[in-house]
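Fair warning: this is a prediction, and the values are worked out from it, not measured in the lab. When reading the values below, keep in mind they use all heavy atoms of this one structure, side chains included, and skip hydrogens, waters and symmetry mates.
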Amino acid sequence: QVQLVESGGGLVQAGGSLRLSCAASGRTFSTYSMGWFRQVSGKEREFVAAITWSAGTTVYGDFVEGRFTISRDSAKNTVYLQMNSLKPEDTAVYYCAARRGGSSWSQYDYDNWGQGTQVTVSS
C-alpha cells in the first residue's frame, strides 16, 4: 500500500521560500508519477506540478510562472517542491499524490494522497 507523508509547510512572508517534501513508501515507484496539488477551503484542488519518477519529466500549473520546482530523490523515495517568491495567494494546504503512469493535471487521475501540509504566506 502506497503511503505519502508531506512535510515542510509553515508560515513565511511574501517573497520568501519553502521546500515541501513528500516521503513515499509501500512499493517501487519507477512506473509512477508524483504530483503536488493545493487546496483552499471551499475550492477545488488545484494542480501545482508533477514529475515522472523514472525520467524526471516535469510539468507545472500555469500560475507557477517559474517560481516552483519539483524534483525527486530516488535514493530517498522523496519528492520535493521548492517554492520561491511566494505570494499570499499561494496560501493553501499542499498535497502530494501518486499515480501509475504518466503525469496528469487532474486530481481524479491520482489514486494515492498524503494528508497535506499547510502553507501560509503573509503579506
Please, which pairs that meet disulfide bond (SG atoms under 2.5 Å apart) have at least one residue in residues 30-63, sequence neighbours excluded? none
Asp90 side, atom CG; Thr120 side, atom OG1 - distance, nearest 0.5 Å: 11.0 Å
Minimum heavy-atom separation for Gly9 to Thr117, with atom names? N-OG1, 3.2 Å
Please report the C-alpha distance between Met34 and Arg99 in whole Å, then the side-chain angles of each, then the deciding distance to 0.1 Å, and finally whether the side-chain contact (heavy atoms from CB on, under 4.5 Å) criterion is met. CA-CA 7 Å; Met34 308 295 291; Arg99 70 181 302 268; over 6 Å; no
List the residues meeting side-chain hydrogen bond (donor to acceptor under 3.5 Å, both in side chains) with Ser17, not counting sequence neighbours, and say none if there are none. Asn84
side-chain contact (heavy atoms from CB on, under 4.5 Å) assessment of Leu20 paired with Tyr80: CA-CA 5 Å; Leu20 306 183; Tyr80 302 99; over 6 Å; no
dist Arg72:CZ -> Ser21:OG (nearest 0.5 Å) comes out at 15.0 Å
Sorted by chain and number, sequence neighbours left out, salt bridge (Lys or Arg N to Asp or Glu O under 4.0 Å) with Lys76 holds for none
Evaluate the side-chain proximity of Glu6 to Tyr95: yes if any heavy-atom separation is below 4.5 Å, no if none is. yes
Applying salt bridge (charged side-chain N to carboxylate O under 4.0 Å, His left out), which residue pairs with at least one partner in residues 100-113 are found, sequence neighbours left out? none
Any donor-acceptor pair under 3.5 Å from Ser54 side chain to Thr31 backbone: no
Sub-4.5 Å side-chain heavy-atom contact between Val48 and Leu81: yes
Taking only residues two or more places apart in sequence, or in another chain, which ones meet Gln13 in a side chain to side chain contact (heavy atoms under 4.5 Å, CB included)? Ser122
Given the rule in the side-chain contact (heavy atoms from CB on, under 4.5 Å) test, do Phe68 and Leu86 qualify, once you have shown the distances and angles that lead to the verdict? CA-CA 9 Å; Phe68 298 176; Leu86 283 162; 3.9 Å; yes
Nearest-0.5 Å distance that lies between atom CE in Met83 and atom CZ in Arg67: 9.0 Å
Any link between Val59 and Val79 through a network of hydrophobic side chains (Ile, Leu, Val, Met, Phe, Trp, Tyr) touching at under 4.5 Å? no
What pairs meet the disulfide bond (SG atoms under 2.5 Å apart) rule with one or both residues in residues 21-123, with sequence neighbours excluded? Cys22-Cys96
Side chain to side chain contact (heavy atoms under 4.5 Å, CB included) filter on Asp62, not counting sequence neighbours, yields none
Can you check whether Ser106's main-chain N or O pairs, donor with acceptor, with Ser104's side chain at less than 3.5 Å? yes
Ser123 versus Pro88, closest heavy-atom pair with distance: CB-CG, 3.9 Å
Going by side chain to side chain contact (heavy atoms under 4.5 Å, CB included), name the residues that satisfy it together with Val40, two or more places apart in sequence or in a different chain. Lys43, Ala92
Please collect all ring pair (Phe, Tyr, Trp, His ring centres under 6.0 Å) contacts where either partner lies in residues 21-44, sequence neighbours excluded, each pair once. Phe29-Tyr32, Phe29-Trp53, Phe37-Phe47, Phe37-Tyr110, Phe37-Trp113
Going by heavy atoms in the side chains, are Val121 and Lys87 under 4.5 Å from each other? no
Contact summary for Ala24 and Leu4, nearest pair of heavy atoms: CB-CD2, 3.7 Å
Sorted by chain and residue number, the side chain to side chain contact (heavy atoms under 4.5 Å, CB included) partners of Thr69 (sequence neighbours excluded) come out as Tyr60, Gln82
Could you work out, with side-chain hydrogen bond (donor to acceptor under 3.5 Å, both in side chains) as the rule, every residue matching Arg45, not counting sequence neighbours? Gln39
Any side-chain heavy-atom pair of Thr91 and Val119 under 4.5 Å: no
Residues in salt bridge (Lys or Arg N to Asp or Glu O under 4.0 Å) with Glu46, at least two apart? Arg38
Output for pair (Asn77 CG, Ser25 OG), nearest 0.5 Å, gives 8.0 Å
